[in-house]
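Just the heavy atoms: all of them, side chains too, but no hydrogens, waters or symmetry mates, feed the values below. Every value quoted in this text rests on a predicted model; they were computed, and no experiment measured them. Remember, it's 1-based here, ligands and their atoms both numbered in the order they're listed.
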Amino acid sequence: MLSLEAAGRALERAGQAHVLRFWPELGAEQRDRLLLELSQVDLGGLRAHCEGAAQAAAAPPRSLDRRLEPVPPDSIGSTKTGDGRTLAGWREEGQLQISKNRVGVLLLAGGQGTRLGVQYPKGMYDVGLPSGKSLYQIQAERIHKVQEMSDRKYGSKCTVPWYIMTSEFTLTPTEKFFKENNFFGLEPSNVVMFEQRMIPAVTFDGKIILQSKGKMAMAPDGNGGLYQALVDNKVLEDMEKRGVEYLHVYCVDNILVKVADPVFIGFCVSKGTDCGAKVVEKAYPAEPVGVVCRVQGVSQVVEYSEIPPETAELRGPGGELVFRAGNICNHFFTRAFLQEVAEKYKDQLKQHVAIKKVPFVDSCGNQVTPTKPNGIKMEKFVFDVFPFSRTFVVFEVVREEEFSPLKNADGAAKDTPTTARNSLLAQHCSWATAAGATLLDAGGKALQSPASVSAGNCSPAFEISPLVSYFGEGLEDILKERTLPTPFILDEKTAKDLQARIPPQRDSLDRVGRGGGFVQE
Ligand code: UTP
């Protein structure tokens, strides 16, 4: 471990000697912990980090206006405009790659989830579904299903390894949660957790913030810390050993995420791309989402704050927004591209400034909880590697089908547990009605017509386990001409029970219990 003398010299050189200000007051254990923390920081780059953070926070926001162009149409695929045959072709290609063990998924789960405000990893959050499933469980079951679909189609016994990037905040509880839940039925050796780096938060004048007398205020280095973490933890070597060539990378908080989406993967593989981004159409010009576009010919995500309103409002001949490709943190990378990023580009990634309230000890040793932002956290973003792609593509999908993130606690205007739950239930309800089911409300009255259900106007508590259907497929055999009460959970057991009753008939409340349990006959 680092010696006190070496730490002192390095901190002095970086203009951060105050970090050891309370050293004489620390006990042996606190001293060891502080030295360990310091030994994990890039001390050589510390001055640049701290000064760079202060300068970046003080710099005016850039405005990109006339240099922006949309991504050219020949680099765009879409589930909205693609015809049935084309989509089926992409799906088949994706499933083929999956069946050959060439596809892995990578979850970004190192964030602190400060807006949601829970003290545990966001993936463990239960948004209040009838099943009580967490986000992690929903994703695990989708992986299960996608493997099974490829196995059935190609007679394989394939594996989609699940790489999970965590941070100091999320690793231990995530590991414990997976163990307690028996890895949700996945093979533990195919779930690979690794940790991203942490970096110190600094004041507006570039000084490291002390969270307590013996601890720096540390934060994960952003989801773009992925590329360093892949190297630190030899993850690319693991992928190579398993023969994984294609990676689907996504955020933990999107309840509708199609993990290892065969259609998206198939599209990207057919296009021969090294890097792709799934996007949804912006809901309105000023919506605060990053936009995937080109800046002087280079593909990238431009933050909404960098686009002048008149540019954001530009419309094409059909009335559609010109800059409509909203980034949803859902990406495709080849392993070769990630390797190249790791070797050549990861240190060139832009640093983004996040201004936060960071609790600290003042110079007299008093603990202070700030009432206004006092600190800068620097973050790298996963999408900032797009400019290094040679064959970048965009894949547009329908927001209601694929994107509903959990960002805020209930009470906020959007992206809450309630909106996430309702998005999932509305989707399942529309799948069920499209498959020919009639759903009853609590009073036994038939719920809306399939048309209004699919328009997202209702979200009765009808939940479909991903183990039964990945994206609405295979439900007709189970649900056609059934009348079912809500709340109802269609899981493997209730699906089997329903199928056992052939021919389909009008089930009634005296035969089917609420919540998906069957009443004894
Ligand atoms: P967000 O930017 O929404 O951050 O992360 P967050 O940590 O979930 O929430 P807030 O901002 O503190 O409220 C988008 C995705 O990137 C991951 C998150 O776990 C989430 O899946 N992420 C974020 C990381 O993996 N590492 C990070 O350092 C930051």
Side-chain angles (χ1 to χ4, degrees), residues 40 49 53 105-125 127 134-136 138-139 162-174 177 192-201 217-230 232-233 235 247-257 259 277-278 288-290 301 303-305 326-331 333 346 349-359 373 375-385 403-417 419-420:
Q40 287 163 349
H49 167 71
V105 292
L106 196 152
L107 166 62
L108 302 166
Q112 291 174 279
T114 43
R115 284 168 288 173
L116 184 62
V118 290
Q119 295 308 309
Y120 52 84
K122 225 191 246 185
M124 289 165 56
Y125 197 83
V127 298
S134 61
L135 296 173
Y136 282 149
I138 294 169
Q139 293 165 23
W162 192 8
Y163 297 95
I164 304 181
M165 183 172 83
T166 60
S167 65
E168 191 180 295
F169 295 106
T170 58
L171 178 60
T172 307
T174 297
F177 191 64
V192 180
M193 293 184 198
F194 61 100
E195 214 177 321
Q196 67 179 109
R197 287 191 183 179
M198 305 283 285
I199 47 173
M218 302 290 284
D221 57 353
N223 57 26
L226 168 68
Y227 307 104
Q228 181 64 52
L230 290 176
D232 290 347
N233 300 284
V235 178
L247 251 289
H248 176 217
V249 175
Y250 68 98
C251 283
V252 72
D253 49 27
N254 176 14
I255 197 166
L256 299 182
V257 64
V259 188
K278 208 182 244 197
V289 293
V301 174
E303 291 184 65
Y304 65 92
S305 55
N327 179 45
I328 57 170
C329 193
N330 197 317
H331 311 311
F333 298 117
K346 72 174 173 4
L349 289 194
K350 188 175 149 189
Q351 299 267 1
H352 299 256
V353 173
I355 307 288
K356 305 262 178 178
K357 287 183 212 160
V358 185
I376 309 164
K377 289 183 178 175
M378 297 301 280
E379 292 191 326
K380 290 178 182 164
F381 290 162
V382 69
F383 56 69
D384 275 333
V385 297
F403 184 57
S404 179
L406 172 64
K407 298 285 184 196
N408 306 306
D410 267 329
K414 58 175 203 159
D415 302 341
T416 63
T419 59

Looking only at heavy atoms, the pair that brings Thr174 and Pro121 closest together is OG1-CG, 3.5 Å

Measure the distance from atom 12 (O) of ligand 1 to every protein heavy atom, then report the residue, atom name and distance (to 0.1 Å) of the closest one.
-> Thr114 OG1, 2.6 Å

Going by distance only, is there an N or O of Glu379 that falls short of 3.5 Å from an N or O of ligand 1?
-> no

Residue pair Lys377 / Ala219: nearest heavy atoms and the distance that separates them | CD-CB, 3.6 Å

Can Gly225 be said to touch ligand 1, with heavy atoms closer than 4.0 Å?
-> no

Distance-only N or O hit between ligand 1 and Lys407, under 3.5 Å | yes

Nearest neighbour in protein (non-hydrogen) for atom 26 (N) of ligand 1 = Gln196 OE1, 2.7 Å

Between the side chain of Asp221 and the main-chain N/O of Met198, is any donor-acceptor distance below 3.5 Å?
-> no

Between the CG atom in Leu108 and the CG atom in Leu226, the distance rounded to the nearest 0.5 Å is 6.0 Å

Just one of Val105, Leu107, Ile164 clears the side chain to side chain contact (heavy atoms under 4.5 Å, CB included) bar with Gln139, so which one?
-> Leu107

Could you see which bit of Pro220 sits under 4.0 Å from ligand 1, with heavy atoms only: side chain, backbone, both or neither?
-> both

How close do Gly110 and Gln196 get, heavy atom to heavy atom, and via which atoms?
-> CA-OE1, 3.3 Å

What is the closest protein heavy atom to atom 23 (C) of ligand 1, and at what distance does it sit?
-> Gly111 CA, 3.6 Å

Taking NZ, NE, NH1 and NH2 as the nitrogens, is one of them in Lys122 or Asp253 under 4.0 Å from a carboxylate oxygen of the other?
-> yes

When every non-hydrogen atom of Lys380 is compared with those of Lys350, the smallest separation belongs to CG-O, 3.8 Å

Any non-hydrogen atom of Cys329 lying under 4.0 Å from ligand 1?
-> no

Polar-atom distance check: Cys251 versus ligand 1, any N or O pair below 3.5 Å?
-> no

So Tyr250 and His331, side chain to side chain contact (heavy atoms under 4.5 Å, CB included) or not? Walk me through it.
-> CA-CA 6 Å; Tyr250 68 98; His331 311 311; over 6 Å; no

Atom 21 (O) of ligand 1: closest protein heavy atom, distance to 0.1 Å, is Leu108 O, 2.6 Å

Got an N/O contact under 3.5 Å between Leu116 and ligand 1?
-> no

Once you round to the nearest 0.5 Å, how far does CG of Leu247 lie from CZ of Phe333?
-> 8.5 Å

Check ligand 1 against Val252 and write out every atom of the ligand that is under 4.0 Å from a heavy-atom position of the residue.
-> 19 (O), 21 (O)

When the ring planes of Phe177 and Tyr136 are compared, do they come out parallel, tilted or perpendicular, using 30° and 60° as the limits?
-> tilted

Gly110-ligand 1 polar pair, N/O distance under 3.5 Å = yes

Nearest protein heavy atom to atom 8 (O) of ligand 1, by residue and atom, and its distance?
-> Lys122 NZ, 3.2 Å

For atom 6 (P) of ligand 1, the protein heavy atom that lies nearest, with its residue and separation = Gly113 N, 3.7 Å

Nearest non-hydrogen protein atom, atom 16 (O) of ligand 1 = Asn223 ND2, 3.1 Å

Among all protein non-hydrogen atoms, which one is nearest to atom 4 (O) of ligand 1, and what is the separation to 0.1 Å?
-> Arg115 NH2, 4.1 Å

Which of the numbered atoms in ligand 1 are below 4.0 angstrom from a heavy atom of Gly222?
-> 26 (N), 27 (C), 28 (O), 29 (C)

List the atom of Lys414, the atom of Asn408, and the distance in Å for their closest heavy-atom pair.
-> O-ND2, 2.9 Å

Of all the atoms in ligand 1, which lie at a distance below 4.0 Å from a heavy atom belonging to Met165?
-> 25 (O)

